[in-house]
Peer 1: 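Structure in structure tokens, see below.
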Amino acid sequence: MSDTKCCQNPPYTRDLQSKKVYCKTHFTKRIETRVRKTINRYKMLNRDDHICLGYSGGKDSTVLLYILYALKKRFPHCHMTAITVDEGIQGYRDECIELTRSTTKKYQIPHEIVSFKKIFGATLDQIIKKSRFKENSLSACAICGMLRRRALNYAAHQVNASKIATAHNLDDEAQSILMNLVRGDLNKFIRISRFPNRKFQIFIPRIRPFVHVTEPEIVLYANAKDLKFHSYPCPYASSALRNDIRLFLSDMVEKRPSTLRNVVNLHDSLTQYFPQVSSQTPPFFCKKCGEASSHAVCPICQLLESLGFENPLESEKKS
Ligand code: SF4
Ligand SMILES: [Zn+2]
Ligand SMILES: [Zn+2]
């Protein structure tokens with residue numbers, strides 16, 4: 001039986017699940033509709049939100065910037081600021097930053113760059129170099145992820161944003177769910193939420209409008225729209241568990257294309273039964289930097305102190 005086509009335009013891609021063939025126009029419209037539906041389904045945005053978008057210049061955040069920019073035209077009271085986090089990875093981040101500058105200028109989107117060096121007093125390169133000599137040190141991506149979350153939250157506060165948008169896609173989401181399942185970490189498994197959640201004033205709610213868009217779809221969208229993005233691999237990219245899960249899932253998707261959606265939809269259904277557990281995290285605040293933390297001293301202040309770095313977060317709290 002031959003595949004069904006969306007229209008008479010030249011074919012661009014074929015959906016693995018439905019086997020339907022799409023032209024560029026219908027494919028890109030389909031992705032935009034899905035993002036709009038995701039935003040509505042999880043009540044991600046209000047009409048007057050100031051969205052702070054984590055924009056690295058990679059494919060995912062570039063496509064999200066483009067789609068949110070297009071969506072924003074329908075919401076004249078919405079604002080958007082793109083935030084680029086400069087982790088301080090020599091020879092990797094510099095070129096991306098130039099690209100983020102030119103793209104935001106093109107679309108006239110306010111753009112801020114925040115650096116690990118300024119916020120934490122050290123670049124990721126310096127932190128990783130020292131942490132390698134420590135026993136039980138975290139992986140580069142675990143350290144980077146923790147610092148990036150704090151840096152984005154910091155930047156979002158600076159511009160008075162009401163939401164932080166990140167470009168995590170369906171592949172990332174399914175990987176995170178399975179990683180916590182494999183680790184047996186019920187607390188983190190439950191805490192993954194697609195609904196914006198403001199537990200403490202200090203945390204700005206996060207939204208992930210791409211949680212139902214796959215990584216290959218994002219690449220196809222970027223190419224269909226001729227969007228410029230950087231695709232150099234980060235020299236530290238190697239989280240062992242995430243890579244194992246990624247390989248496992250890509251194998252599964254080849255045999256069963258609905259796998260990623262099934263994982264996320266099942267997680268949606270399961271987490272409905274755990275609302276009390278997910279909101280039980282105690283409201284402690286780090287005695288050094290003042291951020292919400294489940295420890296007396298937050299993991300970032302602990303890390304900076306253990307590596308002997310001066311902690312600008314601490315002096316900021318005192319001043
Ligand atoms: S790959 Fe890891 S170290 Fe590199 S930017 Fe991403 S999270 Fe940070
Ligand atoms: Zn078509
Ligand atoms: Zn702290």
Side-chain angles (χ1 to χ4, degrees), residues 3-15 20-31 33 54-61 84-97 115-116 119-121 123-129 131-132 137-154 166-168 172 175-176 179 200 202-203 220 224 230-243 246 284-306 309-318:
D3 292 334
T4 52
K5 285 187 190 166
C6 61
C7 67
Q8 293 310 310
N9 288 342
Y12 180 60
T13 181
R14 178 173 172 269
D15 183 70
K20 193 168 170 179
V21 174
Y22 289 91
C23 69
K24 272 188 187 174
T25 309
H26 283 116
F27 167 73
T28 53
K29 282 216 161 80
R30 194 164 168 257
I31 298 297
T33 305
Y55 174 43
S56 67
K59 61 182 181 340
D60 307 76
S61 64
T84 302
V85 178
D86 179 2
E87 303 90 346
I89 304 173
Q90 209 187 5
Y92 167 68
R93 194 45 93 202
D94 322 343
E95 281 198 42
C96 316
I97 286 178
S115 70
F116 279 10
I119 302 177
F120 307 113
T123 63
L124 186 68
D125 284 341
Q126 291 169 324
I127 293 172
I128 300 303
K129 202 169 165 191
S131 75
R132 278 190 175 144
S137 69
L138 293 169
S139 71
C141 289
I143 293 175
C144 180
M146 172 169 78
L147 299 179
R148 281 176 63 85
R149 276 190 295 280
R150 176 73 68 86
L152 258 184
N153 200 49
Y154 171 92
T166 58
H168 292 89
D172 300 325
Q175 286 160 18
S176 300
M179 278 169 76
F200 309 116
I202 207 155
F203 290 132
L220 282 166
H230 82 81
S231 50
Y232 323 105
C234 168
Y236 297 120
S238 68
S239 162
L241 178 58
R242 190 173 281 275
N243 275 343
R246 180 183 291 127
F284 295 152
F285 292 95
C286 170
K287 65 180 183 198
K288 284 183 183 287
C289 68
E291 287 278 325
S293 165
S294 46
H295 304 85
V297 176
C298 76
I300 293 181
C301 288
Q302 283 181 34
L303 175 79
L304 296 176
E305 194 172 288
S306 73
F309 289 111
E310 187 103 348
N311 185 349
L313 298 169
E314 203 176 341
S315 34
E316 203 166 285
K317 191 197 166 205
K318 281 178 192 150

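Counting starts at 1 for both ligands and their atoms, in listed order.
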Peer 1: Could you check if a side-chain atom of Leu147 sits within less than 4.5 angstrom of a side-chain atom of Glu87, using non-hydrogen atoms only?
Peer 2: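 No. Closest side-chain heavy atoms not under 4.5 Å.
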
Peer 1: Which bit of Cys141 is near ligand 1, meaning a heavy atom under 4.0 Å away: side chain, backbone, both or neither?
Peer 2: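 Looking at Cys141 and ligand 1, atoms from backbone and side chain both fall under 4.0 Å.
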
Peer 1: Yes or no on side chain to side chain donor-acceptor pair (under 3.5 Å) for Asp60 and Tyr55, after CA distance, side-chain angles and deciding distance?
Peer 2: CA-CA 9 Å; Asp60 307 76; Tyr55 174 43; over 6 Å; no

Peer 1: Just by distance, no angles: are the side chains of Arg150 and Asn153 close enough, under 3.5 Å, to form a donor-acceptor pair?
Peer 2: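 No, because no side-chain N or O of Arg150 sits under 3.5 Å from a partner of the opposite role on Asn153.
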
Peer 1: Taking 4.0 angstrom as the limit and counting only heavy atoms of Ala237, give me the atoms of ligand 1 inside it, by number and element.
Peer 2: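 With Ala237 as reference, the close atoms of ligand 1 come out as 1 (S).
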
Peer 1: So which protein heavy atom does atom 4 (Fe) of ligand 1 come closest to, and at what separation?
Peer 2: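 Answer for atom 4 (Fe) of ligand 1: Cys234 SG, 2.3 Å.
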
Peer 1: What does the angle at the Zn ion (ligand 2) come to, between atom SG of Cys6 and atom ND1 of His26, rounded to 10°?
Peer 2: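 The two atoms form an angle at the metal of about 110°.
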
Peer 1: Run the ring-centre check on His230 versus Tyr92 and record whether the distance is less than 6.0 Å.
Peer 2: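 Distance test on ring centres: under 6.0 Å, yes.
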
Peer 1: Can you confirm whether the side chains of Arg93 and Thr84 place a donor and an acceptor under 3.5 Å from each other?
Peer 2: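 No, because no side-chain N or O of Arg93 sits under 3.5 Å from a partner of the opposite role on Thr84.
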
Peer 1: Give the residue, atom name and distance (to 0.1 Å) of the protein heavy atom nearest atom 8 (Fe) of ligand 1.
Peer 2: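 Of the protein heavy atoms, Cys144 SG, 2.3 Å lies nearest.
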
Peer 1: Would you check if there is a donor-acceptor pair between the side chains of Tyr22 and Arg14 at a distance under 3.5 Å?
Peer 2: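 Tyr22 and Arg14 do not have a side-chain donor-acceptor pair below 3.5 Å.
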
Peer 1: Heavy atoms of the protein only: does one fall short of 4.0 Å from atom 6 (Fe) of ligand 1?
Peer 2: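 No; the ligand atom in question lacks any protein heavy-atom contact below 4.0 Å.
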
Peer 1: Taking only heavy atoms of Tyr236, which atoms of ligand 1 are found under 4.0 Å from at least one of them?
Peer 2: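 In order of numbering, the contacting atoms are 3 (S).
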
